Amino acid sequence: MMRFYPGCTLSSSARPYRRSLEWVWQRLGIEMKELPGWTCCGATSAHALNRDLAYALPARNLAIAQGLGDELVVACSACYSRLKIAQKALENSRIRERVMKTLGRPLDGRVQIKNILEVLSEHAPRIQKEKTKAIEGLQVACYYGCLATRIPRVQGFDDREHPTMMERLVSAAGATTLDWPAKTSCCGASFSVIHEAIALKMCSQILEMARRCGADVLVTSCPFCQYNLDWAQWTRSRTDSQAPKIPVLFITQLVGLALGGSERDVMLGSNLTPHPCSPLPLKGRGARSEGNGESSV
Amino acid sequence: MSEIKHGAVAVVGGGIGGIQAALDLADSGFYVYLIEEGPAIGGRMAQLDKTFPTNDCAMCMLSPKLVEVGRHPNVQILTLASVESLDGQPGNFQITVRQRPRYVDITRCIACGRCIASCVYQDAKFPSEFDAGLGKRKPIYIPFPQAVPLAAVVDPQTCIFFKSGRCPQNCLKACERQALDFTQTEKIFSLDVGAVILAPGFDPYDARLVGEYGFGRYANVLTGPQFERLLSASGPTSGKVLRPSDGKAPKKVAFIQCVGSRDLRHQSYCSAVCCMYATKEAIVAKEHDHALEPTIFYIDLRAYGKGFENLVRRAKEEHGVRYIRSMISQITEIPETKNLLVRYRDDSGSLHEEEFDLVVLAVGMRPSAKGQELARKLGIELNEHGFAKTSAFNPVMSTRKGVFVTGAFTGPKDIPETVIQASAAAAAVEALLAPARNTRTQAKHYPEELVPDGMPRIGVFVCHCGSNIAGVVDVKAVAEYATRLPGVVHAENVLYTCSQDNLKHMKEVIREKKLNRVVVASCTPRNLAALFQDTIREAGLNKFLFEMVNIREQCSWVHSDQPERATEKAKSLVRMGVAKARELKPLAVQSVKVSPAALVLGGGLSGMVAALTLADSGFETHLVERSAELGSDLKEIVRTPEGEDAQSLRAQLLGAVQRHPKIRVHTSTTVQELSGFVGNFSSVLRSPQGEERVQHGVVIVATEAHEHKPNEYLYGADTRVLTQRQAALDLHLGQPEAGQGEQSRRSLVMIQCVGRNEKRPYCSRICCAEALQNALALLEQEPDCQIYVLYREMISYGFLEDLYRRARDNGVVFIHYDEQSPPVVRKENDQLLVTVRDARLRQEVLIKPDLIVLSTGVVPDPYNEELSRLLKVPLDAHGFFVEAHIKLRPVDFASHGVFLCGGSHAPGTIPELIAKAQAAAGRAAIILAKGQLEAGGIVASVDQEKCTACLTCVRECPFGAVFINEQGLAEIEAVKCQGCGICAADCPAKAIQLGQFEDIQELRMLEELFHPERVSAV
Amino acid sequence: MTNSEPKIVAFCCHYCAFAAADLAGVLRLKYPPNVHIIRLPCTGKLDALYLLKAFEAGADGVIVAGCLEGSCHFISGNLRAKKRVLAVKSLLAKLGIAPERLEFFNLSSAQGDRFAQLAREMTERIKNLPNPSPLRGRGEPGVRGSGDEKEARL
Amino acid sequence: MTLIVQSADFLKEIEAHSGEMLRRCFQCDRCATGCPMASYMQHTPNELFRLIQLGAKEAALSSNSFWFCVSCYTCSVRCPNDIDIAQVMDTLRELSLRAGFPPALPQARDFHQLFLDCVRRGGRVSELELMARYNLKRRRPFARFALGWELLRKGRLELWPRRAISLHELFAPHPLLPSPSEGRGDRSEGGKEGRGQ
Ligand SMILES: Cc1cc2nc3c(=O)[nH]c(=O)nc-3n(C[C@H](O)[C@H](O)[C@H](O)COP(=O)(O)OP(=O)(O)OC[C@H]3O[C@@H](n4cnc5c(N)ncnc54)[C@H](O)[C@@H]3O)c2cc1C
Ligand SMILES: Cc1cc2nc3c(=O)[nH]c(=O)nc-3n(C[C@H](O)[C@H](O)[C@H](O)COP(=O)(O)OP(=O)(O)OC[C@H]3O[C@@H](n4cnc5c(N)ncnc54)[C@H](O)[C@@H]3O)c2cc1C
Ligand code: SF4
Ligand code: SF4
Ligand code: SF4
Ligand code: SF4
Ligand code: SF4
Ligand code: SF4
Ligand code: SF4
Ligand code: SF4
């Protein structure tokens, strides 16, 4: 059985991700168990200050996972990136020795770290078969962010510069995808607390590009990206009510909707910004203005 | 040793490399199978628009070669063919060939294109290979207008008939020649050959793999090869630079260099040609459209070859091409305009974002996939980059005996180097197969020539070319008209003049009607004149009693909208042709015997290699060396850039030269006098022992170039300042220059491009590699030494890039300085101080080295001037010898029979010079192998009565063919004359006539064009 | 036969201009039938005399077309030809013949479209000049005779 | 100002710590032109590398560049010389702090330290707790209050982090990390602080 590594955010700011993800799993009958005793991957902070810690924190989780079946599924792009980077670094025997000593556990490097998108993609045919018309006609910009595909020296789950896995998934779920040039741009998530202005600027560029390309909605599989973009729109809207708003959804929310999930099932109301165009009422394109995705609030 | 049995050679790959090798071999007595994977020969060069560094038209250079190889009696071209296996021994191989069906009989197809026009696909739909995917073609197509063989081909992958079996096959019905044959099947057969040359070339790097540039996703991001097609007049936009997204003319065009090259994520080596092809493309684009603003983004600008620096200078100064030393990380497409956003850093370090209308990716070269497959099948080894493995001392030999390799298959290289290698490979084959020379070639025998006496009896054949001509021009009327022209005793219509049955018929008519001149009114003489000339020769006529009138390309095909006027014009053209025919004279072609020996000037590396190659091919060779010993320059070189030991090479060469029975070494000897012409030179050699006269058929100049001795940077004033060559010797001999203790090599500075200035602007090509080599060698001895290399551009082209990387990996620090702010060296309390402005950091940097090594570049031997006068061969502005044609005749001088190699042609590394020397020897051997030369035909001759000895012709002949004879009058050496007619046009006394283009012949044509009344008058 | 259509002769070098004309044919580009090609090995072979003779014989226009500069198969023939053409142009002006009737072009063998284009342009240009070439018709009696006679006349 | 070239020791130190061969850089600029943060940086990554190659330790370690790096790895995956540049940025940050250079973005250092402290004590990070402590540390306790409220309202903040797993053993004594000994002391206190907000 696959083990699931949720990462810290999934129990707080990315709750909707977890909720929708679990709903989709259930709906598709995917069996998955949370990795027992998992701990934080260290995110940006560990590698910002201490090299060894940046390996030790993910390694601890890998050590737990290696006894429990080979696959570890990760939802958060940052966790995915940290786990993959650590695993790659641990191939170096010097680093491995050092880390094993601190951990006090053996590491065999066997665990297969999978991105949530890979798992969902395996079920794309079913999604296609069982989808409703819920998101049909929606123009979706898939946003991967920087961490999911850009892992140095590691072959990720998809093309580094032009990933398409999410697009294929969204198409299977019945919406239309766009080719747009910012899908792996960095949103500056690690700066959203420490230097808001910069993070805001980076997010705005991405949102602006999505708007120019005609996106109705932006989907992502990274909790940091979702939060950051959502936050950026929210912040902007507080000073500029005219600022364009595009719903930023988790991929699982969109897939959940397509599979017949309700707004509640996928926690659609959790978006920070009240958007005039929640995806749901978009079914009949013309209805765009009626939409107010905030029904659950 | 196995017996040398077969005087035939298989050349695999029909690019410029394969073509050159095939021609050289076929011209020197070997039969050649030219095996090409595609439907036509020509390779990548056929797709190019212009070629650097001279920017002349690629097709203009290539097309005559295509035609030449296409009709060479000793070359058989096998297209759509690949090699399956190779068995046997050198000299006695069996090569198995698989030939895919073309579905068109090339002996019947006349490339009229009717089948294509009638294909069920009304519009061309499939990406055209020739247009690099930018243009489209149909399932049946002619690869390109100048293709050889010029015939249609069916692509079974896209043809409906093959895909579904349900096609009305309109093409088949449309063909008037019944040339289509859908029942053709694959053929597998075996050929006996003595040796094999592999020339499968390269593939452009797949830009899709460099995802950050969005090729394949962004409409306006093209590759270099695609842009080349966009520039080409025969390309998809007829030579207009237009954006694929909207068909508009772009204004700002960005070129991004090193795409897929010099990149550990892709290919670690440098592709060696893309800096220059981008420069060329930028200039050509700018010439097409002055409003264009090209920008080239690069890391190092590798303009290292002959004439390259000059091209870059022109690009900058005359064409305003902007060069920015900054690589682009990614391209972003602007959704609304499809413009492309590019971010770069300028010289001041600031970052800019700029929009471009079009981006061209300078993709590099990778080993051709087909070539790699071939290597596997033939069991030859590839190097770590997947190119054919060769050794530095045998640059065209594969790891399997009897199998040679050439061109871009051995590593990224440009056309001149490909041609050089091709000739070198041909020379190596000749040396191997010398005993079997002329055993497989066919000498054709013709009947005794009839001497035309009396009145002209002209036969006119007016071709229908199916409906190609007859569909527009009233050919019957034209033939009927011809019968009424003066001198015509026979005129007829022929359905297909070039068909075998008609050629037979033509010979019969010539005999029956006692024709003494023939006019064919059909298609272009460029393709078929030789065939018809051969035919009339078989019927006993001198082949120059023939005139061809083009009523297809020049008439029916361009005036199809005005059939009546086309018919009128056809009549005029025929009338003109007949008028010329009346004045035609038989031209004699004499044979001149060749002195079967060679004279090689210069006994260095190049001279020795050239002499050995010639001698191995069986020719007596005089090796003339000015100094007292052979290979003295080589004594001072430690290693090749590949790391092979130059001294063992020297020893090998010396031994082989001295042992060779066919080589006569003349040391301490100079050439005092040289006279004669190709095939028959006579020279006086002077040595301390006295003078000696030798006869020889060819001359090879293999003289040298020296390391420049600088007068800056304290050179000569401080013993701690050395040149690279001195440094190499020190390292090699382990004895540092006076005053250098072991511990004093802690820190060392190398300064590149010393003495390179306005007067000597060219890049010397080898000093960067030398610096890398020396730095690495030093670090081996003293790992703690800190080395700083101050450079303008790192010239580590091709596989040398690995050396550059190795040097960095070993801790050598490379600091780029601007041409305008060169380093400064001074001394303070005996401490050497070097300051340099690090152009990347934009900061002055101070280094305190213990030793300074200067890369001073290469200057030609001043003695070259004397040689140039003696041999009447040109020197360029810098004192290097000038070849006949930089692209296609890189080791020939314009004067026939004189060849060049060695440093005094252009600087090069040892393997490059070896290939060049072999090539020169191979080219020279062609002349010697023939035994006799044909002189005459279309050549000029002086009417001694009229000549006033004004010397105009002597001055104007580009080939030095005119000389003043004993009577003090001009005379033309028929063997040297190329038949351009420049002398004839310039002669103020009108004393010179050019055969086949005599004034009277030309003027008669003019008269007849304007005065048709004359016809009825007679 | 009406003679209102101007007659133009084009001297083309074998390697470039003639090949370009062939390519124009292969590509089925259309140009007026007024242009008649005479093939030379190189434009360097073009004697200034031919140009004068052409006009004398009644040419309405003359095209000389050689390789691109720097690409001459015989190194410099095209440059020499260009000089001669310029010289003849100024002579024409003195003779009262519009120098526009004579033009020199450089083109590569790959420029089939350019050949067709220049053939069209020259024809157009000549048609726009007043009446046929002033020499047309006048030279006839002389032309009827031998070449030598004409030489004497010029 | 003229930079006097120093020995390669500093280069070797950086290379040893990062495991990256930055000597291999040939100054192509890709890292600079792709970096979304380059315009905030005093030195683009390759300029930093050049300083390091020349032994300019002060200049390199006092640069602001690595503080502005957001670890997007754009540079790392585009470097033609296979240098994981982002990793070098981490090394520089770490060594700069260790050598006592004041951080260009002190708030970043504070944030990372607080974050890791959370991890050390609880094994996982509670965003609520982290934000609260960060605000205290930055002496602006009510910053982002509105945002916090909004998040809470939308169900996106976890008030009661589930379980805590202590990770002291992984936090080797290190000047930049909260040490296990001091950590043990403030563990419950910190927890309270988090919940108390
Ligand atoms: C965009 C671009 C611009 C360039 N511009 C210039 C320039 O301006 N000047 C210059 O000097 N150089 C230029 N070059 C370089 C030039 O193209 C090469 O030097 C040259 O084409 C090499 O010739 P070749 O014969 O070795 O290989 P190719 O031209 O690649 O020919 C190889 C031939 O072999 C055939 N073949 C391959 N595999 C097999 C097989 N297994 N069996 C049978 N046949 C096979 C192929 O079909 C092809 O016809 C340019 C290159 C590029 C990419
Ligand atoms: C400074 C320098 C450093 C180099 N370093 C390297 C290196 O490290 N690795 C590498 O691979 N390549 C190197 N090369 C390039 C090249 O490989 C060597 O220079 C090589 O020896 C050149 O061989 P050559 O036959 O062209 O000329 P040479 O070996 O110089 O031979 C020319 C010979 O011709 C003789 N000669 C000249 N004029 C006449 C005449 N009129 N009649 C008779 N004889 C005449 C000369 O005496 C001389 O012996 C270097 C070149 C230079 C200039
Ligand atoms: S068979 Fe049909 S599809 Fe194929 S080339 Fe002929 S007409 Fe075209
Ligand atoms: S119609 Fe026949 S002759 Fe003409 S191109 Fe096609 S196959 Fe050749
Ligand atoms: S440096 Fe080398 S690989 Fe790069 S563009 Fe120039 S020639 Fe090509
Ligand atoms: S000779 Fe006649 S049939 Fe043959 S290709 Fe030429 S025009 Fe056509
Ligand atoms: S040092 Fe020599 S090889 Fe290098 S750029 Fe200068 S001249 Fe060229
Ligand atoms: S025809 Fe040309 S090559 Fe021959 S002699 Fe005259 S000028 Fe020289
Ligand atoms: S991308 Fe790599 S090689 Fe290029 S400048 Fe940056 S670090 Fe150096
Ligand atoms: S990882 Fe850091 S240095 Fe590299 S591109 Fe991203 S922000 Fe810039």
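Keep in mind that this is a model prediction, so the values were computed, not measured. Every chain is numbered from 1 and lettered A, B, ... according to where its sequence line falls, protein lines coming before strand lines.
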Among A/Ala46, A/Ala189, A/Ala14, residue most engaged with chain D (heavy-atom pairs, under 4.5 Å): A/Ala46
message: Looking at chain A, which one of D/Leu114, D/Asp110, D/Ile85, D/Leu167 has the largest number of heavy-atom pairs inside 4.5 Å, strictly under?
response: D/Leu167
query: Angle class for the A/Tyr17/A/Phe250 ring planes (parallel below 30°, perpendicular above 60°, tilted otherwise)?
result: parallel
- prompt: Which atoms of A/Tyr55 come close to chain D, meaning under 4.5 Å heavy atom to heavy atom: side chain ones, backbone ones, both, or neither?
  reply: side chain
task: Just give me the residue among A/Ala54, A/Cys41, A/Ser192, A/Ala199 that pairs up with chain D most often, heavy atom to heavy atom, under 4.5 Å.
output: A/Ser192
- line: So, the part of A/Ile151 with a heavy atom under 4.5 Å from chain D: the answer is backbone
message: Given heavy-atom pairs under 4.5 angstrom as the criterion, report whether the side chain, backbone, both or neither of D/Leu97 touches chain A.
response: side chain
- request: Give a yes or no on whether a salt bridge exists between A/Arg51 and D/Asp90, defined as a side-chain N under 4.0 angstrom from a carboxylate O.
  value: no
- prompt: Which one of D/Glu169, D/Gln107, D/Arg78, D/Glu127 has the most heavy-atom pairs closer than 4.5 Å to chain A?
  reply: D/Glu127
query: chain D heavy atoms under 4.5 Å from A/Arg60: which part of the residue, side chain, backbone, both or neither?
result: side chain
- line: Applying a strict 4.5 Å limit to non-hydrogen atoms, the region of D/Cys79 in contact with chain A is neither
query: Is it the backbone or the side chain of D/Ala86 that comes under 4.5 Å from a heavy atom of chain A, or both, or neither?
result: neither
message: Under a 4.5 Å cutoff for heavy-atom pairs, which residue among D/Val119, D/Leu176, D/Leu157, D/Leu170 has the most contacts with chain A?
response: D/Leu170
Part of D/Gln113 within contact of chain A (heavy atom distance under 4.5 Å): both
field: Which atoms of A/Glu161 approach chain D - backbone, side chain, both or neither, heavy atom under 4.5 Å
entry: side chain
field: Note: D/Arg124-D/Glu158 ion pair, threshold 4.0 Å (strictly below)
entry: no
message: Within a 6.0 Å radius of atom CD on D/Glu58, are there more than 12 heavy atoms belonging to other residues, nucleotides or ligands?
response: no
- request: List the atom of D/Phe66, the atom of D/Ala60, and the distance in Å for their closest heavy-atom pair.
  value: CE2-O, 3.3 Å
- prompt: D/Tyr40, D/Phe111, D/Trp67: which one forms the most heavy-atom pairs within less than 4.5 Å of chain A?
  reply: D/Tyr40
message: Between A/Asp230 and D/Lys154 (salt bridge meaning N to carboxylate O under 4.0 Å), is one present in this structure?
response: no
message: With chain D as the partner, which of A/Ser190, A/Cys187, A/Cys8, A/Ser13 has the greatest number of non-hydrogen pairs under 4.5 Å?
response: A/Ser13
- prompt: Looking at D/Trp149, does the NZ or CZ of D/Arg153 lie under 6.0 angstrom from its six-membered ring centre and within 45 degrees of the ring axis?
  reply: no
query: What option among A/Asn92, A/Thr102, A/Ile198, A/Leu103 has the most heavy-atom pairs under 4.5 Å with chain D?
result: A/Ile198
query: Between D/Ser96 and D/Leu61, what is the shortest heavy-atom contact and its length?
result: OG-O, 2.9 Å
- prompt: What part of A/Thr9 is in contact with chain D, defined as an atom under 4.5 angstrom from a non-hydrogen atom: side chain, backbone, both or neither?
  reply: both
When A/Ser81, A/Pro16, A/Gly188 are compared by non-hydrogen pairs under 4.5 Å with chain D, the top option: A/Pro16
Side chain / backbone / both / neither for D/Leu92 at chain A, heavy atoms under 4.5 Å: neither
query: Do the charged groups of D/Arg24 and D/Glu15 touch, with an N to O distance under 4.0 Å?
result: no
message: Is A/Arg160 in contact with chain D via its backbone, its side chain, both, or neither, using a 4.5 Å heavy-atom distance?
response: side chain
query: Is the OH atom of D/Tyr73 crowded by more than 12 outside heavy atoms at less than 6.0 Å?
result: yes
task: Give the member of A/Ala59, A/Ser185, A/Gly42 that has the highest number of heavy-atom pairs under 4.5 Å with chain D.
output: A/Gly42
- prompt: Ion pair present between A/Glu34 and A/Arg18, side-chain N to carboxylate O less than 4.0 angstrom?
  reply: yes
Portion of D/Leu151 that has a non-hydrogen atom of chain A nearer than 4.5 angstrom: both
message: Between A/Lys88 and A/Glu91, does any NZ, NE, NH1 or NH2 come within less than 4.0 Å of an OD or OE carboxylate oxygen?
response: yes
- request: For residues A/Lys245 and A/Gln233, report the shortest heavy-atom separation together with the two atoms involved.
  value: CA-OE1, 3.1 Å
statement: Counting heavy-atom pairs under 4.5 angstrom with chain A, the leader among D/Arg98, D/Arg138, D/Met37 is D/Met37
Region of D/Thr74 in contact with chain A, defined by heavy-atom distances below 4.5 Å: both
- request: Check each atom of A/Lys101 against the heavy atoms of chain D and say whether the ones under 4.5 Å are side chain, backbone, both or neither.
  value: neither
task: Identify the heavy atoms of D/Arg133 and D/Asp117 that sit nearest to each other, and give their distance.
output: NH2-OD2, 2.8 Å
task: Heavy atoms only: give me the nearest A/Cys203-A/Asn228 pair and the separation to one decimal.
output: SG-ND2, 3.4 Å
